[in-house]
Trainee: 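This is the structure I want to talk about, given as structure tokens.
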Amino acid sequence: MAAVKRNLLVTSALPYANGAIHIGHLVEYIQTDIWVRFQRLMGNRVVYLCGDDAHGTPIMLRARSEGLAPEQFIARMNQEHRADFARFGVQFDCYYSTHSPENEALCHCFYERLKTGGHIVHRDVEQFFDPVENIFLPDRFIRGQCPACKSPDQYGDSCEICGKHYNPTDLLNPKSAVSGAVPERRSSRHFFLRLEDFREPLQKLLRTGLVDSVVANKLEEWFGKELKDWDISRDAPFFGFPIPGETDKYFYNWLDAPIGYLAALARHLGGSAADAEEYWQMEDLEVHHFIGKDIIYFHALFWPAMLLGAGLKPPKQLCVHGHLTINGEKMSKSRGTFINAAQYARHLDPQWLRYYFATRLSALPADIDLSFDDFCNRVNSELVGKLVNLISRAAPILTRLLEGRTGIVTVEALPLLNEFRAAESALAADYDQRNFAAVTRRICALADQANKFVENQAPWSLVKSDAEAARGVLTAALECGRILMIYLKPIIPDIAASVEKCLNIRPQTWRDIQDSMPSHIIKQFEHLTGRVEERKIQDMLNENKAQATPIIASPAPAAAVAGTEPLAPECSIEQFSTIDLRVARVIRAEALEASDKLMKVELDAGPLGKRTVLAGIKKAYLPEQLNGRLVIFCANLAPRKMKFGTSEGMILASGPGGTEVFLLSVDERATPGQRVH
RNA sequence: CCGAGGGUAGCUCAGCGGUUAGAGCGGAGGACUCAUAAUCCUUUGGUCGUGGGUUCGAUCCCCACCCCUCGGACCA
């Protein structure tokens, strides 16, 4: 590899701060982190930056629905996101937020320069406006009847039933998803960035390696006609940065989001916007943005245009990846078929996921599938069976029978070790080109050979006749293991670190591949990682099903705005007493697979006996959360036959439904069967 | 409707501007016992989406068609 050290600035796309990190996000962060770790291992200088995309209407509304100021809400999300990334070993130099003073200062710089350059124009735009909430409504926050197929309750941009796309203004009977009010059309002045001003340099960028050819082809289509002006302003109230010199105008959050990369850089440098710019403009600095294919437009057109307009250099490369599917199906946020990062980590080892993603990742923007069968196979047979096993079979013998001391590798192992070391350049090339699938393929092939070698040399019997020969064999096996772990370090850093610890060697770098371990005493072997048990995956999936649609993107949570349920007519105490409410203890709860909402709950109502209740709480609770807890339920409600059985009562809860369901509790000393008066 | 990518063993994929098509996993049988439970050996298995064409010869080139995925057409 080249002796000249590269100077890299790497980013992953900023996750939107209105929901948890899920396993689909992780493809990108793990991919980037692997690449970054590899570059560091090679001795290159890398700054890896990211942060929350913290502005916009959805965040503003979501914060409000939780009774929080947006600042409080995004602070919490930021904490959660950091914790999630840490769990998966994604190591940023700085994880910041677009809601930061550095970012605001940078936004002002960009805006002033774009304005001075004559690239900003103004135009009136007519949009739907919610007269109750006094906000302009993004497309996704308008619901109505599809103009094509007449399906009710469709989004403002497209119909989920017939797939037709349209304008929000085409919807029949439009309603605001925020307040339920009928939206009005209103006009207001918007600010636009004239993309067409940058046509030539942007088009040139495509041909000079900003993206690979597949993506470049796609982008060429966009240049087929005039590039439209980009609407960069939003009207108050909006959570974001006010446009300087204007009243009630804010920057659209997609304007300040990529600038957030620079803000994170400023923060990382402990300096100002000017320091960040200076760093960015360093001649040898290569800027690499890792992004999903859904945001190519922003990173290949808007962002370079902004940079060029502000007198800064465009990025060197966009590393575009595809989306994640699970067991061959699209991960649907609204249908709840996604797994949160934290949730995964509660059930399964994050290192497994890093390994698995690596086996599926290439430089192409192709979708990758997480098939749990395949996941088990690969983790168990490759990661555990081949790679970890090599160390776990050699190290304990050495410790137990040969005082744990390594020696000189046996002569028979030299061709093998040569091959291990010779793989270096091919592996480095695969890594650098983000061909991680090829990396793991090569590494497994090497591990296969090492295991064959151990098998043939049979050090466990050799040790009885020739202890020193056995030591040589085991040393060679561990040497193989050591080299493999260097190769794997970017992918499974935690396991690699455990191997270093076991082998009692300092943290290895790429250069150590060509070296050998000195003769020394290794440490007691400790468990590196276990096998995937399908049960654990099932547990996780069941939990996931039970949770369904958590807090992501969809405007549904907005329906949770309080105070919308009208007060019921007055009732007498006699009428009230006809409702028999009882305390019960949950014996068993089970999420009904075939149902979106229902959970089958078995209750112990003390002297009243046991009851089976079907409760619409699947999206809000996990079965485990319910087992053993006390609830209040209506015991004299007429039994009701439902699709999944008969429900013998109703568990009391507040909230609008969906994920927003809150069970009533009773203090500890209450006993099952007691009536509630 | 348009565009892009893909359809290769049960699964995941590699290959290729042309000889008898590869790997891992799985299945079957065996060996071994050092392994925090795995490895090793043998073996099974494909008319390389369909139909044409070019050629001495095509999985690989050309044409048509089918299917899958993504994207565009509307919005960003």
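A note on names: the letters A, B, ... follow the listed sequences, proteins ahead of strands, and every chain is numbered from 1. Keep in mind that the numbers below use all heavy atoms, side chains included, and drop hydrogens, waters and symmetry copies. Given the structure is predicted, the values throughout are model-derived calculations rather than measurements.
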Trainee: Is the A:W303 ring parallel, tilted or perpendicular to the A:Y261 ring (thresholds 30°, 60°)?
Mentor: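 Perpendicular: the ring planes of A:W303 and A:Y261 meet at over 60°.
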
Trainee: Taking atom NZ of A:K386 as the centre, report whether more than 12 heavy atoms of other residues, nucleotides or ligands fall under 6.0 Å from it.
Mentor: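 Yes.
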
Trainee: What's the closest nucleotide to the side chain of A:P396 if the choices are B:rU36, B:rC40, B:rU33?
Mentor: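 My answer, after comparing the listed nucleotides, is B:rU36.
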
Trainee: In whole Å, I'd like the distance from the CG atom of A:N456 to the C1' atom of B:rA31.
Mentor: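 These atoms are roughly 12 Å apart.
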
Trainee: From the options B:rA76, B:rG24, B:rC40, select the nucleotide whose nearest atom is closest to the side chain of A:E455.
Mentor: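 The listed nucleotide nearest to A:E455's side chain is B:rC40.
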
Trainee: Could you state the CZ-P distance from A:F372 to B:rU12, rounded to the nearest angstrom?
Mentor: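 Interatomic distance, CZ of A:F372 to P of B:rU12: 15 Å.
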
Trainee: Treating a pair as Watson-Crick (purine N1 to pyrimidine N3 plus N6-O4 or O6-N4) or G-U wobble (N1-O2 and O6-N3) with both distances under 3.5 Å, list the stems of 3 or more consecutive pairs that involve RNA chain B.
Mentor: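 Expected stems, ordered by start: B:1-7 with B:66-72, B:10-13 with B:22-25, B:27-31 with B:39-43, B:49-53 with B:61-65.
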
Trainee: A:F298 or A:T529: which one's nearest nucleotide on RNA chain B is closer to the 5' end?
Mentor: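 Checking each residue's closest nucleotide, the 5'-ward one belongs to A:T529.
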
Trainee: To the nearest Å, give me how far apart CG (A:D430) and P (B:rA14) are.
Mentor: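 The answer, rounded to whole Å, is 13 Å.
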
Trainee: Side chain of A:R393, heavy atoms from C-beta onward: which of B:rG24, B:rC34, B:rC75 has the nearest atom to it?
Mentor: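 Among the listed nucleotides, the one closest to the side chain of A:R393 is B:rC34.
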
Trainee: To the nearest angstrom, how far is A:L446 atom CG from B:rU39 atom P?
Mentor: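 One finds 16 Å between P of B:rU39 and CG of A:L446, rounded.
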
Trainee: Can you tell which of B:rC40, B:rG24, B:rC32 lies closest to the side chain of A:N451?
Mentor: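 Output: B:rC40.
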
Trainee: How is A:D373 classified with respect to the nucleic acid when contacts are heavy atoms under 4.0 Å: base, sugar-phosphate, or nothing?
Mentor: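 Touches nothing.
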
Trainee: Output the rounded distance in Å from CZ (A:R360) to C1' (B:rC13).
Mentor: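 Whole-Å distance recorded here is 8 Å.
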
Trainee: Look at the aromatic rings of A:F375 and A:Y356 and report parallel, tilted or perpendicular, splitting at 30° and 60°.
Mentor: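 Rings of A:F375 and A:Y356: perpendicular, as their planes differ by over 60°.
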
Trainee: Using the side-chain heavy atoms of A:D448, tell me which of these nucleotides is nearest: B:rC75, B:rA37, B:rC40.
Mentor: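 Nearest nucleotide to the side chain: B:rC40.
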
Trainee: Between atom CZ in A:R442 and atom C1' in B:rC13, what is the gap in whole Å?
Mentor: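 To the nearest whole Å, that distance equals 15 Å.
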
Trainee: So if I take every side-chain heavy atom of A:R441 and compare against B:rC40, B:rU33, B:rC13, which nucleotide ends up nearest?
Mentor: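 Per side-chain heavy atoms of A:R441, the pick is B:rC13.
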
Trainee: Compare the minimum distances between each of B:rA76, B:rC70, B:rU12 and the side chain of A:D367, then state the nucleotide with the smallest one.
Mentor: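 Per side-chain heavy atoms of A:D367, the pick is B:rC70.
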
Trainee: Measuring from the side chain of A:N377 (C-beta onward, heavy atoms only), which nucleotide among B:rC25, B:rU39, B:rU12 has the closest atom?
Mentor: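 The closest nucleotide is B:rC25.
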
Trainee: Write down the distance between NE2 (A:H321) and P (B:rG71), rounded to a whole number of angstrom.
Mentor: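 In whole Å, B:rG71 P lies 13 Å from A:H321 NE2.
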
Trainee: Name the nucleic acid region contacted by A:W230, choosing base, sugar-phosphate or nothing; use a 4.0 angstrom heavy-atom cut-off, strictly under.
Mentor: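 If one applies the 4.0 Å heavy-atom cut-off, A:W230 turns out to touch the sugar-phosphate alone, with no base involved.
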
Trainee: Got a second to check how far A:Q433's CD is from A:C319's SG, nearest 0.5 Å?
Mentor: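 A:Q433 CD to A:C319 SG: 11.5 Å, rounded to 0.5 Å.
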
Trainee: Would you mind reading off the distance between A:L401 atom CG and B:rC34 atom C1', rounded to a whole angstrom?
Mentor: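 In whole Å, B:rC34 C1' and A:L401 CG are 9 Å from each other.
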
Trainee: Pick the P atom in B:rC40 and in B:rG3, then give their distance to the nearest Å.
Mentor: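 Straight-line distance between the two P atoms is 49 Å.
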
Trainee: Using the C1' atom as the reference point in each nucleotide, state the distance between B:rC56 and B:rC65 in Å, no decimals.
Mentor: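 Going atom to atom, C1' in each nucleotide, I get 29 Å.
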
Trainee: Any side-chain heavy atom of A:I491 within less than 4.5 Å of one from A:Q351?
Mentor: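 A side-chain contact under 4.5 Å is absent here.
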
Trainee: Among the nucleotides B:rA76, B:rU36, B:rC40, which one has an atom lying closest to any side-chain atom of A:F525?
Mentor: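 Closest of the options to the side chain of A:F525: B:rU36.
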
Trainee: Applying a 4.0 Å non-hydrogen cut-off, can you work out what A:N389 is touching in the nucleic acid: base, sugar-phosphate, or nothing?
Mentor: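 Touches a base.
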
Trainee: With respect to the phosphate group of B:rG71, does any side-chain polar atom (N or O) of A:K293 fall under 4.0 Å of OP1 or OP2?
Mentor: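 A:K293 to B:rG71 OP1/OP2: no side-chain N or O under 4.0 Å.
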
Trainee: Go through the steps to decide whether A:D229 and A:R123 satisfy the test salt bridge (Lys or Arg N to Asp or Glu O under 4.0 Å), and finish with yes or no.
Mentor: CA-CA 10 Å; A:D229 294 346; A:R123 203 180 312 138; 2.6 Å; yes

Trainee: Could you tell me whether the side chains of A:H55 and A:D256 share a donor-acceptor contact shorter than 3.5 Å?
Mentor: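 Looking only at side-chain atoms, A:D256 and A:H55 do form a donor-acceptor pair, the distance falling under 3.5 Å.
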
Trainee: Nearest-nucleotide wise, let me know which of A:P459 and A:F192 is further upstream toward the 5' end of RNA chain B.
Mentor: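 Its nucleotide being nearer the 5' end, the pick is A:P459.
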
Trainee: Please determine whether the number of non-hydrogen atoms from other residues, nucleotides or ligands lying under 6.0 Å from atom CZ of A:R434 exceeds 12.
Mentor: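 Correct, the count exceeds 12.
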
Trainee: Side chain of A:Y297: nearest nucleotide among B:rA76, B:rC34, B:rU12?
Mentor: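 Of the candidates, B:rA76 comes closest.
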
Trainee: Could you tell me whether a side-chain N or O of A:N435 sits under 3.5 Å from a main-chain N or O of A:D430, the two making a donor and an acceptor?
Mentor: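 A pair under 3.5 Å: no.
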
